[in-house]
Amino acid sequence: MLKTVTAAAMLAGSAIAVQAAEYTIRATANSNENDEDYDGLVVFKNFVEQASNGAIEVEMFIGTQLCSNGAECLQGVADGSIDVYISTSGGASGIFPFVQVLDLPYLMADDRVAETVLENGSSFVQKMQEMTLDASGGAIRLMTIGNTGGWRNFANTERRVASPADMEGLKIRTVVADLPQELVKALGASPTPIPWPELFTSFQTGVVEGSKNGITDIMNMKFPDAGLKYVTLDGHAYMGALWFMNNEKFMAMPEDMRRVVVDGFYQLQQATFASPKRKSIAAYEEFAAAGGDLYVPTPEEKAAFKEAAAPVYDWFKSSVDGGGEIFDALTAAVADAEQEIDAARQADMK
């Protein structure tokens, strides 16, 4: 009798759980479980499912189970076969070229500035959200911008890079997007588009001699084993993570559930802001222990890099659809953030 009652109670509980999940969000990240994207999705899933009392279920697909590249994945978001997808600016630039503004070098000085500029509700993020909806015909919504790997730095197999002159002649791996290639050319190196999965072998064989990556990506992919020895911590670009959602799916939810999802993306964003900072500590130690050369440019050297890269700003504003508009939005937001941060810092120092 007791077994029968217990079994009936378990079945009833299962039925309640199934009925309670009124909405399912299928979220994918083309990465792995060591990545900040995964950390963010775990936090998102936990928050949304709890805050909705089980009314929303989040299914996570890590890797290439649902799609294999930015264009394919964003098409999936547009047609509704994928609900949530995270992309770098390079991966999304084919559909939203203006997002390459995040790859413009030396505009944001540090994490504090970047996190202020990218907080939801900022003038810059609102502009990006408006442009994303407009460019997708209302199909794709930009939910938040987090981080995936810290800051981009120049790394190579050949020599220490302390000035733009040291970049001369190096074959630097880039994504297919135009802006990173323009930056590498402006610094005197040769841009070489290589798919991410092929980069390890490309270092080994000399197809490329350098890349633009964060230290966690470098160590997760074991690039030092392929000959990568030199990292210049110039921090030329914040590795923004663009989290997109199918707009119809989002808007079909009642307001209380939309609020849960929006708050979930805030939690996700904060997790991805924090994750690279913690992971980079061990990554830098591991790189140095393996004989890697870490170099921090002086303020004068960093200014020389910025000056050499300046033509990229003009190229972006004149060549990218919406480039001038989004460039102005970013630089204005950076100026406001720097003023706000400096005022807060001064208050804290009194």
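Nothing here was measured: the structure is a model prediction, and the numbers come from that model.
Under the rule for a side chain to side chain contact (heavy atoms under 4.5 Å, CB included), the partners of Ser319 that lie at least two apart in sequence or sit in another chain are Trp315. Shown here are the side chain to side chain contact (heavy atoms under 4.5 Å, CB included) partners of Ala274, two or more places apart in sequence or in another chain: there are none. Applying the side chain to side chain contact (heavy atoms under 4.5 Å, CB included) criterion to Glu198, with sequence neighbours excluded, gives Ile194, Pro195, Ser202. Shown here are the side chain to side chain contact (heavy atoms under 4.5 Å, CB included) partners of Gln181, two or more places apart in sequence or in another chain: Thr174, Pro191, Pro193.
The distance from atom NZ of Lys45 to atom CD of Gln50, rounded to the nearest 0.5 Å, is 11.0 Å. Note: Lys302 NZ to Ser163 OG = 15.5 Å, rounded to the nearest 0.5 Å.
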- Item | Verdict with reasoning, Leu133 to Asn247, per side chain to side chain contact (heavy atoms under 4.5 Å, CB included) | CA-CA 8 Å; Leu133 268 176; Asn247 189 47; 3.8 Å; yes
- Task: Would you please test Asp293 and Lys229 for salt bridge (charged side-chain N to carboxylate O under 4.0 Å, His left out) and show each step?
- Result: CA-CA 6 Å; Asp293 182 88; Lys229 298 179 181 179; over 6 Å; no
Please tabulate, one pair per line, all N/O donor-acceptor pairs under 3.5 Å involving side-chain atoms of residues 210-228, not counting sequence neighbours.
{"residue": "Ser211", "atom": "OG", "partner": "Asn213", "partner atom": "OD1", "Å": "2.7"}
{"residue": "Lys212", "atom": "NZ", "partner": "His236", "partner atom": "NE2", "Å": "2.9"}
{"residue": "Asn220", "atom": "ND2", "partner": "Thr216", "partner atom": "O", "Å": "3.2"}

Solution key, residues 326-337 side-chain donor-acceptor pairs under 3.5 Å, sequence neighbours excluded:
{"residue": "Thr331", "atom": "OG1", "partner": "Phe327", "partner atom": "O", "Å": "3.0"}
{"residue": "Thr331", "atom": "OG1", "partner": "Asp328", "partner atom": "O", "Å": "3.2"}

When the side chains of residues 91-108 are checked against the rest of the protein, which donor-acceptor pairs come out under 3.5 Å, sequence neighbours left out?
{"residue": "Ser93", "atom": "OG", "partner": "Gly90", "partner atom": "O", "Å": "2.9"}
{"residue": "Gln100", "atom": "OE1", "partner": "Leu179", "partner atom": "N", "Å": "3.0"}
{"residue": "Gln100", "atom": "NE2", "partner": "Pro97", "partner atom": "O", "Å": "3.2"}
{"residue": "Asp103", "atom": "OD1", "partner": "Ser89", "partner atom": "OG", "Å": "3.1"}
{"residue": "Asp103", "atom": "OD2", "partner": "Ser89", "partner atom": "OG", "Å": "2.7"}
{"residue": "Tyr106", "atom": "OH", "partner": "Asp234", "partner atom": "OD2", "Å": "2.7"}

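Taking 4.0 Å as the cut-off between side-chain N and carboxylate O, Glu168 and Lys185 do not count as a salt-bridged pair.
Summarising the geometry of Cys67 relative to Thr28, their closest heavy-atom pair is SG-CG2, 4.1 Å, with the distance given to 0.1 Å. The shortest non-hydrogen separation linking Asp39 to Ser275 is OD2-OG, 2.6 Å.
Enclosure of atom CD in Glu59 by more than 12 non-hydrogen atoms of other residues, nucleotides or ligands within 6.0 angstrom is indicated. More than 12 non-hydrogen atoms from other residues, nucleotides or ligands lie less than 6.0 angstrom from CD of Gln65. Counting heavy-atom neighbours within 6.0 Å of Glu338 CD, excluding the residue itself, gives a total above 12. Dense packing is recorded around CG of Asn34, with more than 12 heavy atoms of other residues, nucleotides or ligands lying under 6.0 Å away.
Sorted by first and then second residue, the ring-ring contact (aromatic ring centres under 6.0 Å, His included) pairs involving residues 47-74 (not counting sequence neighbours) form an empty list. Listed by first then second residue, pairs satisfying side chain to side chain donor-acceptor pair (under 3.5 Å) with a partner in residues 258-271 read Thr144-Gln269, not counting sequence neighbours. Residue pairs satisfying the ring-ring contact (aromatic ring centres under 6.0 Å, His included) criterion with at least one member in residues 117-153, sequence neighbours excluded, are listed as follows: Trp151-Tyr238. Here ring-ring contact (aromatic ring centres under 6.0 Å, His included) pairs that include residues 279-306, with residues two or more places apart or in two chains, number zero.
Using a 4.5 Å heavy-atom threshold, the side chains of Tyr85 and Leu74 count as touching. Between Val48 and Val58 there is a side-chain heavy-atom pair separated by less than 4.5 Å. The shortest side-chain heavy-atom distance between Ile145 and Met128 falls under the 4.5 Å cut-off.
Applying side-chain contact (heavy atoms from CB on, under 4.5 Å) to Val208 and the options Leu199, Asn156, Ile172, Thr157 leaves one that passes, Leu199.
Val175 shares a hydrophobic cluster with no other residue; no ILVMFWY side chain has heavy atoms under 4.5 Å from its own.
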